[in-house]
Amino acid sequence: MTDIKGIYLDNNATTKVDPQVLEAMLPYFTEQFGNPSSIHQFGNQVGRAVNKARRQVQELLGAEFDSEIIFTSCGTESDSTAIYSALKAQPERTTIITTAVEHPAILAVGEQLEKEGYTIIRLGVDSKGRLDLDDYKKRLDDDVALVTVMWANNESGTIFPVVEMAEMAHEAGVMFHTDAVQAVGKIPIDLKSTKIDMLSLSGHKLHAPKGIGALYLRRGTRFRPFLRGGHQERGRRAGTENSASIVGLGVAAELAASRIEHENTFVRGLRDRLEHGILAANTHCFVTGDPDNRLPNTCNIAFEFIEGEAILMMLNKKGIAASSGSACTSGSLEPSHVMRAMGIPFTAAHGTIRFSLSCDNTQEEIDQVIATLPGIISRLRELSPYWSKEGPVENPDQAFEPTYA
Amino acid sequence: MWDYSETVKEHFYNPRNVGAVEEANGVGDVGSLTCGDALRLTLKVNPETEIIEDAGFQTFGCGSAIASSSALTEIIKGKTLDEALAVTNQDIADFLEGLPPEKMHCSVMGREALQAAIANYRGEVWEDDHEEGALICKCFAIEEPLIVDTIRANNLSSVQDVANYTKAGAGCSSCHEKIEEILARELEARGETFTPGAGRPDLVLERRTVAKKSKELPVMQNGAAKEEPAAPVKKAKSKLTLVQRIQKIEKAIEALRPALQADRGDVELIDVQDKTVFVKMTGACTDCSMAGLTLNGLQQKMMEELGEFVQVVPLSKRQLEEAGL
Ligand SMILES: Cc1ncc(COP(=O)(O)O)c(C=O)c1O
C-alpha cells in the first residue's frame, strides 16, 4: 500500500479506511457480488453479511434491537431522513428546535424549511459553546415536531448533554434526534438506556469508507421514508444496499468499540500534549470550545491576528494536514458559524485551526507539529498589519482601521 | 484546498516587499469583509519624478491575499503614479497567472490599496466605489450587487434573463436557487410576483450556441448539457446584413467610449458571430465590478441600436493570445 507521507491531523473531516475494513470489503466487489434481496445463493450470503454488519453497528451504539439500524448513504442523508420523517409523520407540528452550531447537514435543511413556513428555533451557545438548558426546556411545547441537537461539535469538539436533553424532550412528548457523526466511535454510547429516538452516524469518520452511513430509529418511533422504492431496509430506505460499504462499516464499528478505551486514554493524551505544547510555544492563541467537555481527539486553537488559510498552506508545505474555520478555506463570506456563535472576535475567528487526531497518530508526529508551528505563526504575524515586532500593535482595532469595501 | 497557480504559491511562500517602507509618504489601508482580509500598502514616492521608489505591504489574510499584495508591490515599483493608477486588478491576477473566482476580490483589494495610497500621497480623500457582496455564480465570478443592479436596470424577471445579461447562472446551475431568491425579492419590490418557470427559452438556446463558440463551459439546462441546441423555438432573425450590424455595433461602442476613456479604459470590437459580440477590454475597464457594468451598458446600447438580442463576451488575455490577437 502506498502511504502519502505526512502528518494527518484532520480526522474530523475524514479518516483513513482501516486495512482490516478494506480487507473485509474486498470480496463484496468480486465473488460476493450478489443482490442481498435475491433468493439464490449469490444474494443470500450477502444478505447475511449485511445483517452481521447491522449487529456490529447495533453493538457499538448499544441499541436494543438490530432492526433499529437503517443503512443510508451518508451522515447527511441520515440527518435529512430524520428531519423530514418527523415532519411528515406529525403534520400537525410545525416547529423544530436545533442549535446555532450544527453541521450544515442540519442547518441548511432548517433554512429551507423556514422558507416553506416551518418555525426553526436555533438555541444559542455561550463563549465556551455551551447550551442553556433552562431556555431549552421553555421552548418544548406541542408544536415541536423534533429536537435535533448534535452530540459533539465537529469544529470545537464540544459535547452537548444530549442524553439529558432527550429525557427533557421525552417528558414533553417531543421526538429527539441527534447528529452523532462526530461522537460515534470516540465516546461511549448506549442508546437503549437513553430516550434518544433517532441518531445519525457516518462511516468515513470512523475508518469506514465514504458514502455509507446509518440512522438509528428507536423501535416504535413514528417514521416516514425519505427514499421510497424497493423493500430494502424494511422499506424504510429503498435502494439496493451498498453491501461492500455496509460490511466495511460493520467491521469499523466493531474496531471502534474495541478501541474506545484507547481513544480516551492514548489519543486523548496525544491531544493534550499537542494542545499544551502549542499554547506554551506560541503567544496570543487560545483554545476554543469547552476544554473540560469535549471529544478526546479534537483541539481547536485560535491564533490571533493571522488568517487560517495562510496557516494551513504553510503547514501543508511542512506535510501537516489540519483544517480551519476561516472564511477563506470554504469560500464563504464569513468565518465559521460555530466560532461566531461563541462570540470569538473577528481577528481570532479567522485564525482558528482544528487539529483532529486518530489512533493512527504518534507522539513523534505531535512533537513535530509543536516544533513546526511557532515558525509559521511568527512568520505570518510579521506580515500582519495588526502586529509589530514582538506583539500586537497597541489597540489593534484602532491602530489599523482599514476602509471596508 | 484551492487550486492556486505556482506563481501564487511562490508569492505566498516567498512574499516580496514585506513590511512598512521607511520614510513612506503614501499609505493606503483597505479591507475586504468578504474574506476578513486587510491590507496596508506603504509607498515611497519621489516628489520630483512621481516615481514609486519603494513599496511595502502588511497583510492580514489568506494565501491569495498575501500573494496579491506581494504581486502588487512588484508591479508598481519603478512606475510613475499615473502609470501605477492604470494597473488593474486583472493585471494583478494575470501577474499571478490567475486566481480562483472566489479569490478575485484579493486582487481588487490590492488595486484599492494602491488607489488609497496614491490618494493619501496626493492629500486627497479616497472613496471606495467598489461594492462587494456575496459571490453568487462561481463559474463566472459574479457577485450579488451586480446581479441586483442588472435586474433593476433591465427589469429582468427570470433566471434565464439574469444568465443572458450577467452570465450568472449560465454554468453549473448551482446558483439558480440563490438567483431565484434575489429575483423574488426584486420583483416583490417592484410589485410583481416571481414565477420560477418564467423566461424566454429562445434566448437560452442562443446562449448555448454562444457558449460553444466562446469555449466556455457548456450551458446546462436542468442539469443536462445539450450537445447541439435543439431547433430554436422562434429564432429572432436579424434583417440587417453583417456589415450593417457591425456598423451599428461600432456606433454603440462609440457612444459609450467617452465615458470609458474618462475612466481610463477602452473597448475594442474583435468579432461578431451570430448573436455574439466579442470585445477586448483594456485599461480600467477590466476591473472586476466595473467590467460587468460596462458590459451591461454596452450590451444594452447594442441591443437598442440593432433591435435584437446580442450577447457581449469579453475575451480574456489568454483567449486573445490563443487566437493570435
Ligand atoms: C457533525 C456532522 N454531521 C454530518 C456530517 C456529514 O456526514 P457525511 O459526510 O457522511 O454526509 C458531518 C461530516 O462532516 C459532520 O461532522
Side-chain angles (χ1 to χ4, degrees), chain A residues 10 108 111-112 115 303-318 321-336 339-340 345-352 376 379-389 392-393 396-397 399-405, chain B residues 1-2 4 8-9 12-13 15 18-20 27-42 57-67 69-70 100-103 105-106 108-109 112-113 115-116 125-135 138 143-144 177 181 184 289:
Chain A
D10 202 10
E111 278 163 31
Q112 180 58 30
K115 285 179 208 153
F303 296 92
E304 292 182 89
F305 313 112
I306 47 179
E307 201 275 338
E309 188 207 90
I311 303 174
L312 290 185
M313 284 178 70
M314 294 242 179
L315 281 172
N316 188 45
K317 204 172 177 212
K318 303 274 183 188
S323 73
S324 165
S326 91
C328 276
T329 46
S330 59
S332 72
L333 275 176
E334 286 161 327
S336 128
M339 297 302 145
R340 275 185 298 132
F346 159 83
T347 44
H350 280 292
T352 54
I376 292 174
R379 174 72 183 131
L380 287 172
R381 282 188 179 150
E382 272 168 35
L383 301 181
S384 170
Y386 295 106
W387 195 263
S388 88
K389 304 229 163 51
V393 293
D397 296 345
F400 182 71
E401 241 189 318
T403 316
Y404 279 103
Chain B
M1 216 172 299
W2 302 106
Y4 285 135
V8 172
K9 286 189 212 156
F12 169 67
Y13 291 122
V18 173
V27 180
D29 289 352
V30 295
S32 147
L33 279 176
T34 306
C35 234
D37 293 335
L39 160 59
R40 167 175 288 168
L41 177 71
T42 48
F57 79 87
Q58 290 160 285
T59 293
F60 168 88
C62 56
S64 55
I66 289 170
S69 308
S70 169
E102 289 89 343
K103 299 290 190 164
H105 65 267
C106 292
V108 175
M109 182 171 77
E112 289 176 343
Q115 291 172 329
V125 181
W126 175 70
E127 296 236 10
D128 178 24
D129 57 359
H130 168 73
E131 200 187 341
E132 197 168 69
L135 183 69
K138 292 192 181 171
E143 292 176 355
E144 179 161 349
E177 208 170 334
E181 278 164 24
S289 68

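To find a chain, count down the sequence lines: A is the first, B the second, and so on, and within it residues start at 1. All values below were derived from every heavy atom in this structure, side-chain atoms included, with hydrogens, water molecules and symmetry-related copies excluded.
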How close do [X] and [Y] get, counting heavy atoms only, and between which atoms?
| X | Y | value |
| --- | --- | --- |
| A:Phe305 | B:Phe60 | O-CD1, 3.1 Å |
| A:Pro385 | B:Arg40 | CB-CB, 4.3 Å |
| A:Trp387 | B:Gln58 | O-NE2, 4.5 Å |
| A:Leu380 | B:Phe12 | CD2-CE1, 4.3 Å |
| B:Ser64 | A:Glu309 | N-OE1, 4.2 Å |

**Prompt:** Can you tell me if CD on B:Glu177 sees more than 12 non-hydrogen neighbours from other groups inside 6.0 Å?
**Reply:** no

**A:Leu383 versus chain B, the contacting section by heavy-atom distance below 4.5 Å** = both

**Part of A:Arg379 lying under 4.5 Å from any heavy atom of chain B** = side chain

**Request:** Please identify each residue that fulfils side chain to side chain contact (heavy atoms under 4.5 Å, CB included) with A:Lys317, with sequence neighbours left out.
**Result:** B:Tyr13

**Request:** Find the distance between CE (A:Met313) and CD1 (B:Ile66) and round it off to the nearest 0.5 Å.
**Result:** 8.5 Å

**Pairs of heavy atoms under 4.5 Å with chain B: top-ranked of A:Ala310, A:Gly351, A:Ser388** = A:Ala310

**Message:** Less than 4.5 Å to any heavy atom of chain A: does that hold for the side chain of B:Ser69, its backbone, both, or neither?
**Reply:** neither

